[in-house]
A.B. asks: 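I'd like to ask some things about the structure below.
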Amino acid sequence: MLPENSSIDHANTTRDRHFALIVVLVPAVALRVLAMVGYQPVLWFWADSFSYLAAAADPVPSPYRPLGYPLALAALGPAHSLALVAAVQHVLGLAAGVGVYALLRRRGLSGWTAAVVITPLLCDEFVILLEHMVMADALFTVLVVSGILVLLTRVTPATSAIGGMLLGVAGLTRTIGVLLLVPAAGYLLLRRTGWRCLLSFLVAGSSLLTAYAGWTYAKTGTFGLTRADGLFLWARTMTFADCDTVRPEPRLAVLCPRTPVSGRPAPAFWLWSSWSPLHALPRGVDKNLLAGRFARAAIVAQPGDYLAAVGTDLRRLLRWERTTARSLSVKKTNPYWFPFEERPLHDSVRKTAESYQGGPAATRIIEPFAGWLRAYQRFGYLPFPLLMLLLGGTLGMAVVRRRHDALLPALAAAVLTLAPPFLSQFDVRYVIPAIPLACLAGGLAIAKRPPSRESRPRAPGNARPRLRQVGAVCQTRPKRRRPGWTR
């Protein structure tokens, strides 16, 4: 039994070793406490938040988004507390930051360097804003970071399956997460982990997605995670499509935009507005199928205009400020700012919110705590130009130094940043999940090179490590020596 002083010394040593982490965690926790106290019980995002709550009450396949987040809300539903939802999301965000810190320390970074690396993902005001919203983005970010962290640890069939499962659940939370299975599988191939690890990853990741798509087919007759990929792509093309050039088939002509290109709004307006050409389609037709067919025809006919539209969206990554809200009147209605004044819930959504909450659900603003958080949001963020510089530099360094571990989160961050403008449109909150991945990749790129297989100590004598034991590291089977060979 250890003497009492030894346990105290061990605690002091641990505190000193991770003092830098504590320095970063204190303001990170304080900012989240300000959000919990200053904006009660949660923040709302247009109609999306209420559609998630409605899906949690009646979980059936939705045409526009999968049910990953509504099922998480349903699991917390018996508590009848929206504040609990926000608290859980805040705790998960903190845990993801600590997980990134722990991996970077294992890879040789000093405590202060690792703490500096994780500061943006713990203290960025937009990360805290999304954690305090009834939106899928915070959960999606945690799932993606967790899946990649698992794959970057000791690679075994079990950890590969866990990583694949986490990324699969991320794809059921936001469909863009499905694309991350590709760089993750490429990482396992690049590491030459062996077919067992790769197969475990693919089976675990794809089985969840396939099962959900099968359920959707049983309910709706469509095999897929959603029934809106064609609609979103069609809305993307509405910013440039010229039907004189596209020449769509007759039944698709009603989807042609009538507004001159210079006066067309953003893609989202073409989906949700009452004047959308989608309403001109006959009832009973598959709007997603027809819209997707029009969109593909427009892209083939006008590839240059399509790339130009995507490039216009991506140029917003070069703006220092994330939003253009400068006047007080705009800030009051901008959902990407902590609100300045209380707004009552509309009658159309109040019942859904109050049913989940078990009482009044409109956001209450408590001063001065909310004011302190609004003051912090003016400067407490990582500007997108710096994020892009970090991501580009990390990708280059990972290739030059052959750091495969840094390449995985960097590629995942690039996918999450660049893919949305090609598939639907640019949105500020779509970029936020790339922040922790870019920070993780940057830390791994500057860390000490992990030990190679050749540098691992060999077993004494003629003994060889057992490769088939449960939990063994995935690797290729060593070649057997022929009789008569000498060492």
A.B. asks: Aromatic rings Trp337 and Phe340: how do their planes relate, parallel, tilted or perpendicular, breaks at 30° and 60°?
C.D. replies: tilted
A.B. asks: Mind checking whether Trp270 and Pro257 have side chains closer than 4.5 Å, heavy atoms only?
C.D. replies: yes
A.B. asks: I need the minimum non-hydrogen distance between Ala441 and Ala410, along with the two atoms involved.
C.D. replies: CB-N, 3.6 Å
A.B. asks: Quick one: closest heavy-atom pair of Phe223 and Gly214, and the distance?
C.D. replies: CE1-N, 3.6 Å
A.B. asks: Cys123: what forms a disulfide (SG to SG under 2.5 Å) with it, not counting sequence neighbours?
C.D. replies: none
A.B. asks: Rounded to the nearest 0.5 Å, how far apart are CG of Leu290 and CG of Leu231?
C.D. replies: 9.5 Å
A.B. asks: Can Val134 and Tyr69 be said to form a side-chain contact (heavy atoms from CB on, under 4.5 Å), step by step?
C.D. replies: CA-CA 9 Å; Val134 181; Tyr69 186 61; 4.0 Å; yes
A.B. asks: Heavy atoms only: give me the nearest Leu418-Leu314 pair and the separation to one decimal.
C.D. replies: CD2-CD2, 4.0 Å
A.B. asks: Taking Gln302 for the side chain and Thr245 for the main chain, is one N or O donor matched with an acceptor at less than 3.5 Å?
C.D. replies: no
A.B. asks: Could you tell me which non-hydrogen atom of Gly111 sits nearest to which non-hydrogen atom of Tyr101, and how far apart they are?
C.D. replies: O-CE1, 3.7 Å
A.B. asks: Are the side chain of Arg403 and the backbone N or O of Ala447 linked by a donor-acceptor pair below 3.5 Å?
C.D. replies: yes
A.B. asks: Once you round to the nearest 0.5 Å, how far does CZ of Arg429 lie from CE of Met135?
C.D. replies: 3.5 Å
A.B. asks: In the structure I gave you, are the side-chain heavy atoms of Thr159 and Leu151 within less than 4.5 Å of one another anywhere?
C.D. replies: no
A.B. asks: Against the six-membered ring of Tyr52, is Arg65 placed for a cation-pi contact (under 6.0 Å from the centre, within 45° of the normal)?
C.D. replies: yes
A.B. asks: Side-chain contact, heavy-atom cut-off 4.5 Å: Phe294 with Cys256?
C.D. replies: yes
A.B. asks: Examine distances only and state if a side-chain atom of Thr417 and a backbone atom of Ala414 form a donor-acceptor pair shorter than 3.5 Å.
C.D. replies: no
A.B. asks: Evaluate Leu225 against Thr216 for side-chain contact (heavy atoms from CB on, under 4.5 Å), listing each step before the verdict.
C.D. replies: CA-CA 7 Å; Leu225 302 183; Thr216 302; over 6 Å; no
A.B. asks: Return the minimal non-hydrogen interatomic distance between Ala268 and Gln425, and the atom names on each side.
C.D. replies: N-OE1, 3.2 Å
A.B. asks: Report yes if some heavy atom in the side chain of Thr259 is under 4.5 Å from a heavy atom in the side chain of Arg264; otherwise report no.
C.D. replies: yes
A.B. asks: Once rounded to the nearest 0.5 Å, what's the spacing between atom CG of Leu444 and atom CG of Asp405?
C.D. replies: 5.0 Å
A.B. asks: With no hydrogens and no angle check, is any side-chain donor or acceptor of Ser200 less than 3.5 Å from a backbone partner on Arg196?
C.D. replies: yes
A.B. asks: Backbone N or O of Ala445 within a donor-acceptor pair of the Arg401 side chain at under 3.5 Å?
C.D. replies: yes
A.B. asks: Is there side-chain contact between Val431 and Leu416, with at least one heavy-atom pair below 4.5 Å?
C.D. replies: no
A.B. asks: Does the side chain of Val29 come within less than 4.5 Å of Arg32's, by heavy atoms?
C.D. replies: no
A.B. asks: Hey, does the side chain of Ser276 reach the backbone of Ser273 with a donor-acceptor pair shorter than 3.5 angstrom?
C.D. replies: no
A.B. asks: Might you work through the side-chain contact (heavy atoms from CB on, under 4.5 Å) test for Leu278 and Leu255, ending with a clear yes or no?
C.D. replies: CA-CA 6 Å; Leu278 289 173; Leu255 295 177; 3.9 Å; yes
A.B. asks: For a quick test of your reading: what N or O donor-acceptor pairs under 3.5 Å do the side chains of residues 165-190 make, sequence neighbours left out?
C.D. replies:
residue	atom	partner	partner atom	Å
Thr173	OG1	Val169	O	2.9
Tyr187	OH	Arg191	NH1	2.6

A.B. asks: Looking only at atom types and distance, does a side-chain atom of Ser62 sit under 3.5 Å from a main-chain N or O of Tyr64, one as donor and one as acceptor?
C.D. replies: yes
A.B. asks: Any heavy-atom pair between the side chains of Leu121 and Ile118 that's under 4.5 Å?
C.D. replies: yes
A.B. asks: Side-chain contact test, heavy atoms from C-beta onward, threshold under 4.5 Å: evaluate it for Leu440 versus Leu152 and give yes or no.
C.D. replies: yes
A.B. asks: Using a cut-off of 6.0 Å, state whether more than 12 heavy atoms not belonging to Phe269 lie near its atom CZ.
C.D. replies: no
A.B. asks: Per the ring pair (Phe, Tyr, Trp, His ring centres under 6.0 Å) rule, which among Tyr430, Tyr381, Phe45 passes with Tyr336?
C.D. replies: Phe45
A.B. asks: Step through it carefully: locate the ring centre of His132, locate the ring centre of Phe338, and say whether they are under 6.0 Å apart.
C.D. replies: no
A.B. asks: CD1 of Ile128 to NE2 of His90: how many Å apart, nearest 0.5 Å?
C.D. replies: 7.5 Å
A.B. asks: How long is the straight-line distance from CG of Leu34 back to CZ of Arg374, given to the nearest 0.5 Å?
C.D. replies: 11.5 Å
A.B. asks: If every non-hydrogen atom of Trp44 is compared with every non-hydrogen atom of Ser49, which pair is closest and at what distance?
C.D. replies: CE3-CB, 3.5 Å
A.B. asks: Could you check Leu130 against Ile432 for side-chain contact (heavy atoms from CB on, under 4.5 Å), going step by step and ending with a plain yes or no?
C.D. replies: CA-CA 9 Å; Leu130 291 178; Ile432 301 305; 3.9 Å; yes
